[in-house]
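Since we're looking at a predicted model, the values are computed, not measured. We count ligands from 1, going down the list as the structure has it; atoms in each ligand are counted the same way.
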Amino acid sequence: MATATAARMKKGKETVKPVATLAGKIISVRFHNPQNGYSVISIEPKDMVETGMVSCSAVGNLAAVRVGDEYEFAGEWKEHPQYGRQFAFCKADVVLPKEKTGAATYLATLAYGVGFAKAKRIVDRLGDDALNRIIEAPALLDQFHFLSPQQREEIQEGLLKNTRLAELAALICKEGVGIGTATRIFNTYGQASVSIVKENPYVLADEVYGIGFKVADRIGMGLSIAPDSPYRVESAYMYALREAGNDGHVYLTPKDTIVALDGLLGKQSMVGVSNIKDAYAELEQRGLVCREGDAIYVASMLAEEKQLARDIVRLAQMDGKYLSTDTEQKLEEVTEAMQAEFGVIYAPEQKEAIKKSFYKSLSVVTGGPGTGKTTVIKGIIEAYRKIARSNLIMLAAPTGRAAKRMTEATGCDASTIHRLLKFNPMINGFEHDADNQLPAGLLIVDEYSMSDLHLAKCLFEAVPSDMLMVIVGDVDQLPSVGPGKVLEDIIESRQVITTRLKFNYRQASGSRIALEASRVVEFGECRLYQDEKDWKTILEDEPEKAVTRIKAEVRAALAQGLGIMDFQVLAPMKKGLVGVDNLNEVIREIVNPPDVLKPEKKTGKDKFFRLGDKIMVIRNNYKLGVFNGDIGVIQGIDSSSIAVDFEGEMVTFSEDNINDLTLAYASTIHKSQGSEFPLVIMIIMRSHYIMLQKNLFYTGFTRAKQRLVLVCQESAVKRCLDNAEKKERHTLLRDRIIAYAGASQSA
Ligand SMILES: Nc1ncnc2c1ncn2[C@@H]1O[C@H](COP(=O)(O)OP(=O)(O)OP(=O)(O)O)[C@@H](O)[C@H]1O
């Protein structure tokens, strides 16, 4: 392996820039940006004779800057048009004092409550090289009982920050790589950070949370790694495959892979097909990627797709636990009894759905909003109680909001799938799996169109064959945010018993939203009611005016007493005047204007959160127990964290994961899946062109429970309706289910 690594290293045509050096003490800090460490400092050079200066300016990135600290810088002298000659450094090593008094003085600056006397006792015991010894072995501090645990931590952290982290920051904090990123790298590799980053910065994309290929590449390019370095091409290859998951793909075709790599590596990168083939061969040899025909997979994704297909077939072919010669009659009696009990006459298809959930261990119920899915869920629960004489029932949904709605609708506790499977941060996985399956008799999972491949694989393997599992969802909605289209593939395989509910009860009660939902799905048609029942359309051709209309509707909602969680603005995409990002800023100024009592926290260029802001989680964080699409309100902001109330559950986000949050007054239609809101204000304009699809439009307006306000250009809605073609997702789940089912039947 060592030889292979050396060979791969050699292939890269690395260039080393000539550098000058400067040693001296910081005498003043003129500027320091805490986000990226960019600093402008005055230095008193150690060797004034050599530099010919009493003081000089130096610029570069430092993790922490303190007047009095001594550094050895490497970089080059530059002539600034305004500020004159200055030293631009790309490397900065703190020179720690080596004699006792200097070391003790330095140590005394690091921890609150540790003055010179205590620091001197430490240095006396550890010797002249005390500071370096503590850096190498922080446990040495344990012997000093007069230090509190916090003081020990502060000394250790201070030393590392001012030395090793400073060195790392100076090396990489350029061109948009911030101190936060440097700190994360440092937290991952500790003292070895600089040497690891110098050898192969692309490893960061695999191993450091929050760093992807693009940041690693910025670091790599800054370190003059060759554009055709195998490390770079392999990292881009893995990134391209993983990134395809963001477009819903489980695998990529060879052609798509090359297009994606071209985009990532740049056409001028000297990377040719042979480099890409070499990268594939290396990654395949390391077990990271594999290929089946024209499908190139991240190896773990292929394994998951196969495992899921096997488990689906296992459950779909297993007779329901309570199936016997008189089951049909028993089910008939039970549904009759329930009709009397609940005062409801089930539609034939609803009855079918309830009965069929007892035929096999796995069944599916699908239907649009208002077709009675929840009514069927309640029916299945009650029928199970009566037939199995058991209460071993588990209910779940992919998001917290959907689980909450399920609880409210059924009166039974429902949890997220993650909670159901018991996510354990210690093992970074679920406690319930194939070896420790779920202890229930009946499991019903709602909003299943939202489940991606990974979550489906984890859930299905944890379901014992003698359990009854019913998955419920609206297959006409957008598929999951993550890779795959699991519900659609299961239904299309025709190997799993499925009931499609068609009759729309809400439509029967006059709802225009329900009526148009059916018409959109069945005929690709939709009437744009001016203002009738639960539907209001505002036709507006100019984007600026459309934004003004949205603002007016938001004000009207507030005037009617709706809270920020009661209404949601939806748009097809993020960018542009009528995109989510701009709408969020505009709506925030109405709903949560600035106030001296409301602290704000900067989170990026031109981005900030304000106390009281409505926010959404955009990445699953199993450790914090929050998931993509969860919506909450900011209840606390301080210099290093944000506390968010997720409908009664408080979660604190630190600097490391604040970027997993975004404003949520407006959100994309994709992100609104699984949620419903009393009022939805949805905008559909021609400038959203590339996103305008039938299932996107359908998913968006069916999020409205009581009222929809549609601000649109008529032609944009028409474009949605005409574009019934679903965006293709590369997955082979359907084919695998069919193949495994065939194989097991012929076996
Ligand atoms: N057989 C029935 N007879 C009369 N009313 C019914 C029947 N089935 C459902 N309903 C009513 O229709 C409405 C919609 O039903 P339900 O909430 O079960 O649908 P849903 O598919 O779960 O809707 P959504 O996906 O929007 O939550 C409810 O008010 C429900 O009481």
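- When non-hydrogen atoms are compared, ligand 1 lies under 4.0 Å from the backbone of Ile345 (N, CA, C, O) but not from its side chain.
- For the pair Arg512 and Tyr529, the cation sits on the ring face: its NZ or CZ lies under 6.0 Å from the ring centre, inside 45° of the axis.
- Residue Gly370 places at least one N or O, backbone or side chain, under 3.5 Å from an N or O of ligand 1.
- Taking only nitrogen or oxygen atoms, main chain and side chain alike, Gly372 reaches within less than 3.5 Å of ligand 1.
- Closest to atom 5 (N) of ligand 1 among all protein heavy atoms lies Tyr505 CD2, 3.5 Å.
- In terms of N/O distances under 3.5 Å, ligand 1 is approached by Lys373.
- Salt bridge annotation for Asp660-Arg619: present, with a cationic side-chain nitrogen under 4.0 angstrom from a carboxylate oxygen.
- Residue Thr375 has at least one N or O atom closer than 3.5 Å to an N or O atom of ligand 1.
- Between Asp433 and Lys457 there is no salt bridge, since no side-chain N of the basic residue sits under 4.0 Å from a carboxylate O of the acidic one.
- Phe701 pairs in a side-chain contact (heavy atoms from CB on, under 4.5 Å) with only one of the listed residues (Val520, Leu710, Val680), which is Val520.
- Less than 4.0 angstrom separates some heavy atom of Thr371 from each of these atoms of ligand 1: 19 (O), 21 (O).
- Under 3.5 Å, the side chains of Asp474 and Ser449 contain no donor-acceptor pair of N or O atoms.
- Closest to atom 26 (O) of ligand 1 among all protein heavy atoms lies Arg506 NH1, 2.9 Å.
- Closest approach of Leu732 and Glu305 over heavy atoms only: N-OE2, 3.0 Å.
- Using cut-offs of 30° and 60° for the angle between ring planes, the Tyr251 and His730 rings count as parallel.
- For the 3.5 Å distance criterion, the side chains of Asp630 and Thr399 fail to qualify, holding no donor opposite an acceptor.
- For atom 7 (C) of ligand 1, a protein non-hydrogen atom is found at a distance below 4.0 Å.
- Of the protein's non-hydrogen atoms, the one nearest atom 22 (O) of ligand 1 is Thr374 OG1, 2.5 Å.
- Salt-bridge formation is not detected for the pair Lys705/Asp566: no Lys NZ or Arg NE/NH1/NH2 atom is positioned less than 4.0 Å from an Asp or Glu carboxylate oxygen.
- Only the side chain of Val344 comes within contact range of ligand 1, with a heavy atom under 4.0 Å; no backbone atom does.
- Proximity to Gly368 (heavy-atom distance under 4.0 Å) selects the following atoms of ligand 1: 21 (O).
- Checking atom 29 (O) of ligand 1 against the protein gives no heavy-atom contact under 4.0 Å.
- Atoms of ligand 1 found under 4.0 Å from any heavy atom of Lys705 (numbered from 1 in listed order, with element): 26 (O), 27 (O).
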